[in-house]
Amino acid sequence: HVQLVESGGGSVQAGESLRLSCVASGYGTSNSYCMAWFRQAPGQEREGVASIDIDGRTKYADFVKGRFTVSRDNANNTVNLMMNSLKPEDTAMYYCAAARDGFCFRYDYWGQGTQVTVS
C-alpha cells in the first residue's frame, strides 16, 4: 500500500504564495513514479494542475503556467508545488497523485487533499 500525504495548504490573499508538499510512504519509492497535482473546487470536476515524470520533465495546465512550479525530491519521496501569484480562482482542494508507469498515463494513488483558499 502506498500512502500520499499532502501538506502546506492554507488561506492567503490574492498575489501571495503557498508551497504544497506531498510525501509518499509504503511499498516502493516515488522516484519510479510520475507525480502530479490535481485540484477540485466545489461543484467542479477535478482538473490536472502539474506533473513531473521520472526524468524530471514537467507539464502544467495553461491556467498555472508561469505561476506554479512542480519539483520532486526523490531521496525523500516528496513532490512539491510552489504556487506564486495566487488568484481567487485557484481556490480548491489540491490532491497529490502518483502513476506507477512513470510517465503520467494513469494515476494509481491519491492523497486526501489539502485545502487552498485565496481571497
Verdict with reasoning, Lys65 to Asp62, per salt bridge (Lys or Arg N to Asp or Glu O under 4.0 Å): CA-CA 5 Å; Lys65 285 181 179 177; Asp62 288 342; 3.2 Å; yes
Test ring-ring contact (aromatic ring centres under 6.0 Å, His included) applied to Phe38 and Trp110, step by step: CA-CA 10 Å; Phe38 292 78; Trp110 296 84; 4.9 Å; yes
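The closest side-chain heavy-atom distance from Val116 to Met83 is below 4.5 Å. In this structure the side chain of Asn80 never reaches within 4.5 angstrom of the side chain of Val70, judged on heavy atoms. Counting only heavy atoms from C-beta outward, the side chains of Thr91 and Glu89 never approach each other to under 4.5 Å. Counting only heavy atoms from C-beta outward, the side chains of Val12 and Ser17 never approach each other to under 4.5 Å. Side-chain contact between Lys59 and Ile52 is absent, with no heavy-atom pair separated by less than 4.5 Å. Residues Leu18 and Leu86 meet the side-chain proximity criterion, which asks for heavy atoms closer than 4.5 Å. By the 4.5 Å heavy-atom criterion applied to side chains, Trp37 and Phe68 are not counted as neighbours.
Connection of Val64 to Tyr95 is not established within any shared hydrophobic cluster, with ILVMFWY side chains joined at heavy-atom distances below 4.5 Å, either directly or through further cluster members. No chain of hydrophobic side-chain contacts below 4.5 Å, direct or via other Ile, Leu, Val, Met, Phe, Trp or Tyr residues, connects Tyr60 to Tyr107.
Distance check, rounded to the nearest 0.5 Å: SG of Cys22 to CD of Gln3 gives 10.0 Å. Once rounded to the nearest 0.5 Å, the distance linking CG of Asn77 with OG of Ser32 reads 8.5 Å. Separation of atoms OG (Ser21) and CG (Asp73) is listed at 9.5 Å; rounding is to 0.5 Å. We find the CG-CE distance between Leu4 and Met35 to be 5.0 Å, quoted to the nearest 0.5 Å. One finds the OG1 atom of Thr117 at 8.5 Å from the CE atom of Met93 (value rounded to the nearest 0.5 Å). Considering CG of Leu20 and OG of Ser7, their distance stands at 8.0 Å, rounded to 0.5 Å.
Residue Asn84 comes nearest to Met82 through the heavy atom pair OD1-CE, 3.3 Å, listed as atom of the first residue, atom of the second, then distance.
Residues satisfying the side-chain contact (heavy atoms from CB on, under 4.5 Å) test with Asp101, not counting sequence neighbours, are Ala99, Phe103, Phe105, Arg106. Residues that satisfy the side-chain contact (heavy atoms from CB on, under 4.5 Å) test with Val23, not counting sequence neighbours, are Thr78.
In this structure, the side chain of Arg46 does not engage the main chain of Gln40 through any donor-acceptor pair within 3.5 Å. Using a distance-only test at 3.5 Å, with no hydrogens or angles considered, no donor-acceptor pair links the side chain of Gln115 to the main chain of Gly10. Between the side chain of Arg100 and the backbone N or O of Tyr33 there is no donor-acceptor pair closer than 3.5 Å. In this structure, Thr114 contributes its side chain and Gly9 its backbone to a donor-acceptor pair below 3.5 Å. Of the possible polar contacts, none joining the Asp53 side chain to the Gly102 backbone as a donor-acceptor pair under 3.5 Å is found.
Side-chain contact of Arg39 with Tyr94: a donor-acceptor pair under 3.5 Å is present, judged by distance alone.
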